[in-house]
Colleague: 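Below is one structure. I have some questions about it.
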Amino acid sequence: MLSSDNSFFSILTTLTKFWNNFGCILIPPAQTEISFPIFHPNVFFSMLGDNKDFDIMYFQPYNLSKKSWDNRHNIQSYSFLKFQIIIKSKIELPQKIFLDSLKSINLDFKNNYIKFKNEKFDNFIFRLNANCYKIYFNENLIATMYYVQNIAKNKNENDKPLIISYNLDNLALILQKCDNIWNIKWNKNSANEAILYSDIMFDVEKDYCDFMQTVSSEKQFLKIFDILIDTARDLLEKNITISAYIYSLKAKYYLDMFDYKNLLTQENKIKYKKILRNIVDECCKKYLLNKNDILK
C-alpha cells in the first residue's frame, strides 16, 4: 500500500511492487531519448523474432522536445514522468488489473470518476499501429493503455503486446491534492524534510526550455540530425544494429524538435520521416539476420 505521504517515490515504489507481484521484470530506463514506451531499445528488439517472452516495467522520463516552459503551468493535459508496463504474455481482464493497480496507490474511485477514451495510435517511422485508451481521472489524464496491432516491418505476428503508460506526475498531483508540478513532494531527506520536485528539476528544466525557446535554430538542428543519420548508416554497414537504432532514436528526437519549432515544410517532414523509417527497417532486418547467425 502507498505510504501516507503520497510522495512521488512512494507512488513509483507501490506500482513497482504491484507489477513485480504480477511477474514483470524491472529493467533500467533507456539511456537515450525516446518518445514512446516500446521504442526503448531493449523492449523494441525483444518484439522481433522468437525471443523469450517476459513482461517488462521501467521508469522513463519523457523527452521535452515538444514542450515549452510556459506549458508547465498547465500540467493537466500532459505528463513528463512515465512508468511503463509492457505485457507480452496473454492476460485476462487487463483493464481490471490496471484499475487494481490504481487502487494500490489509494486512488479514490468512490467520489470521482474514471473515463476510458478510445482512439487510434499510429507511428509511421516505427510502423506502429495500436488501439489505445486514454484514461482520465475526472479531467486529468493519468495513463494510457495501448493494444499494439503491429510494430516494425519484421514483427513476429504472435507478439502483440499491451502497453500501460502511467503519468506519474499527474497521479502525484491528484494524490497530494497539489495544483503545481513544482510543489509535488518527491521524497524526504535524512532530516525527514520534504524534497520537492522543484528542488531536483527546476533549474535543469528551465535551462533546457530556455535552450529550446531562444538558442536552438534550424541550422543547428539540421546539422545534428544529418550527423546522427550518417552515424546510424555507418553503424549499419558495420552490422552494429542496436547502436544504429539508438542513433535513429536520437535523430527522431531532433525531428520532434523540428515539429515543435515549426522549422520544416510538410514535404521535408515526410522526407525525413522516410529516411528514419528506412533506417529502422534496416536495423530490424540486420538484427534478425545477426541473431539467426548466432543461433546456428
Colleague: Do you see a donor-acceptor pair shorter than 3.5 Å between the side chains of Ser7 and Ser10?
Modeller: yes

Colleague: Can a donor-acceptor pair be found between the side chains of Lys185 and Asn6 at a distance below 3.5 Å?
Modeller: no

Colleague: I'd like to check Ile27 versus Gln84 (side-chain heavy atoms, cut-off strictly below 4.5 Å). Are they in contact?
Modeller: no

Colleague: One pair to check against side chain to side chain contact (heavy atoms under 4.5 Å, CB included): Met47 and Val148. What are the steps and the verdict?
Modeller: CA-CA 11 Å; Met47 299 292 151; Val148 175; over 6 Å; no

Colleague: What is the distance from atom CZ of Arg277 to atom CD1 of Ile270, rounded to the nearest 0.5 Å?
Modeller: 12.0 Å

Colleague: Do any pairs count as a salt bridge (charged side-chain N to carboxylate O under 4.0 Å, His left out) and have a residue in residues 104-117, sequence neighbours left out, and if so which ones?
Modeller: none

Colleague: Please determine whether the number of non-hydrogen atoms from other residues, nucleotides or ligands lying under 6.0 Å from atom CD of Glu267 exceeds 12.
Modeller: no

Colleague: Using side chain to side chain contact (heavy atoms under 4.5 Å, CB included), reason through Ile142 and Leu107 one step at a time and then give a plain yes or no.
Modeller: CA-CA 11 Å; Ile142 59 169; Leu107 211 59; 4.0 Å; yes

Colleague: Return the minimal non-hydrogen interatomic distance between Lys88 and Pro161, and the atom names on each side.
Modeller: CG-CB, 4.4 Å

Colleague: Working to the nearest 0.5 angstrom, can you tell me the gap between Phe54 CZ and Ile86 CD1?
Modeller: 11.0 Å

Colleague: When you group the ILVMFWY residues by side-chain heavy-atom contacts below 4.5 Å and let the links chain together, are Phe9 and Ile195 in the same group?
Modeller: no

Colleague: Does Ile181 belong to the same Ile/Leu/Val/Met/Phe/Trp/Tyr cluster as Leu12, with side-chain heavy atoms less than 4.5 Å apart forming each link?
Modeller: yes

Colleague: Which heavy atom in Ile125 sits nearest to a heavy atom in Asn123, and how many Å separate them?
Modeller: N-OD1, 3.1 Å

Colleague: Side chains of Phe59 and Pro29: closer than 4.5 Å at any heavy-atom pair?
Modeller: no

Colleague: In the structure I gave you, are the side-chain heavy atoms of Asn129 and Phe121 within less than 4.5 Å of one another anywhere?
Modeller: no

Colleague: Nearest 0.5 Å please: distance from the CG atom of Leu173 over to the CD atom of Gln176.
Modeller: 7.5 Å

Colleague: If you define the side chain from C-beta out and look only at heavy atoms, does anything of Phe83 sit under 4.5 Å from Leu171?
Modeller: no

Colleague: Is a donor on one side and an acceptor on the other found under 3.5 Å between the side chain of Asn118 and the backbone of Cys132?
Modeller: yes

Colleague: Given Leu128 and Asp122, is the side chain to side chain contact (heavy atoms under 4.5 Å, CB included) satisfied, shown in steps?
Modeller: CA-CA 6 Å; Leu128 172 64; Asp122 298 289; over 6 Å; no

Colleague: For Asn21, which residues count as a side-chain contact (heavy atoms from CB on, under 4.5 Å) partner, sequence neighbours excluded?
Modeller: none

Colleague: May I ask you to test the Ile114-Tyr136 pair for a side-chain heavy-atom distance under 4.5 Å?
Modeller: no

Colleague: Could you list the donor-acceptor pairs under 3.5 angstrom formed between side-chain atoms of residues 95-102 and any protein atom two or more places apart in sequence or on another chain?
Modeller:
residue	atom	partner	partner atom	Å
Lys96	NZ	Asp100	OD2	3.1
Ser101	OG	Phe98	O	2.5
Ser101	OG	Tyr166	OH	2.5

Colleague: Hey, can you tell me if Trp186 and Tyr197 have their rings parallel, tilted or perpendicular (30° and 60° cut-offs)?
Modeller: tilted

Colleague: Answer with yes or no after comparing the ring centroid distance for Phe36 and Phe126 against a 6.0 Å cut-off, counting only values under it.
Modeller: no

Colleague: Are any side-chain N or O atoms of Gln60 and backbone N or O atoms of Pro37, one a donor and one an acceptor, separated by less than 3.5 Å?
Modeller: no

Colleague: Quick check, are the ring centers of Phe44 and Tyr245 under 6.0 angstrom apart?
Modeller: yes

Colleague: Under a 3.5 Å threshold, yes or no: a donor from one side chain and an acceptor from the other, between Asn138 and Asn112?
Modeller: yes

Colleague: In chain order, what residues pass the side-chain contact (heavy atoms from CB on, under 4.5 Å) check against Cys24, with sequence neighbours excluded?
Modeller: Trp19, Phe22, Asp55, Met57, Ile85, Ile87

Colleague: Any chance you could measure Asn167, atom CG, to Lys134, atom NZ, to the nearest 0.5 Å?
Modeller: 9.5 Å

Colleague: If you count the non-hydrogen atoms of other residues, nucleotides and ligands that lie under 6.0 Å from OH in Tyr247, is the total more than 12?
Modeller: no

Colleague: If I compare all heavy atoms of Asn183 with all of Cys178, which pair ends up nearest, and what's the gap?
Modeller: CB-SG, 3.6 Å

Colleague: Checking side chain to side chain contact (heavy atoms under 4.5 Å, CB included) for the pair Leu249/Phe39: CA distance, chi angles, key distance, verdict?
Modeller: CA-CA 8 Å; Leu249 289 178; Phe39 299 159; 4.0 Å; yes

Colleague: Could you state the interatomic distance from NZ (Lys90) to CG (Leu162), rounded to the nearest 0.5 Å?
Modeller: 13.5 Å

Colleague: For Ser35 versus Lys252, what's the shortest heavy-atom pair and its separation?
Modeller: OG-NZ, 3.1 Å

Colleague: Taking side chain as C-beta onward, heavy atoms only, is Lys82 less than 4.5 Å from Tyr58?
Modeller: no

Colleague: Using a 4.5 Å cut-off on heavy atoms from C-beta on, say whether the side chain of Gln266 contacts that of Lys269.
Modeller: yes

Colleague: When you group the ILVMFWY residues by side-chain heavy-atom contacts below 4.5 Å and let the links chain together, are Ile184 and Ile174 in the same group?
Modeller: yes

Colleague: For Asn106 and Leu175, which heavy atoms make the closest approach, and how far apart are they?
Modeller: O-CD2, 3.8 Å

Colleague: Go through the structure and list residues passing salt bridge (Lys or Arg N to Asp or Glu O under 4.0 Å) with Lys286, not counting sequence neighbours.
Modeller: none

Colleague: Once rounded to the nearest 0.5 Å, what's the spacing between atom CD1 of Ile34 and atom CD1 of Ile246?
Modeller: 11.0 Å

Colleague: Assess whether salt bridge (Lys or Arg N to Asp or Glu O under 4.0 Å) is satisfied between Glu193 and Lys188, documenting all intermediate values.
Modeller: CA-CA 5 Å; Glu193 299 168 328; Lys188 293 181 179 180; over 6 Å; no

Colleague: Taking atom types as modelled, find out whether Glu282 and Tyr287 have a side-chain donor-acceptor pair closer than 3.5 angstrom.
Modeller: no

Colleague: Do Lys250 and Glu33 make a side-chain contact, defined as non-hydrogen atoms from C-beta onward lying under 4.5 Å apart?
Modeller: yes

Colleague: Please report the shortest heavy-atom distance between Leu15 and Leu168, naming the atom on each side.
Modeller: CD1-CD2, 3.8 Å

Colleague: For residues 221-236, tabulate all N or O donor-acceptor pairs below 3.5 Å that involve a side-chain atom, not counting sequence neighbours.
Modeller:
residue	atom	partner	partner atom	Å
Thr231	OG1	Ile227	O	2.8
Asp234	OD2	Lys238	NZ	3.2

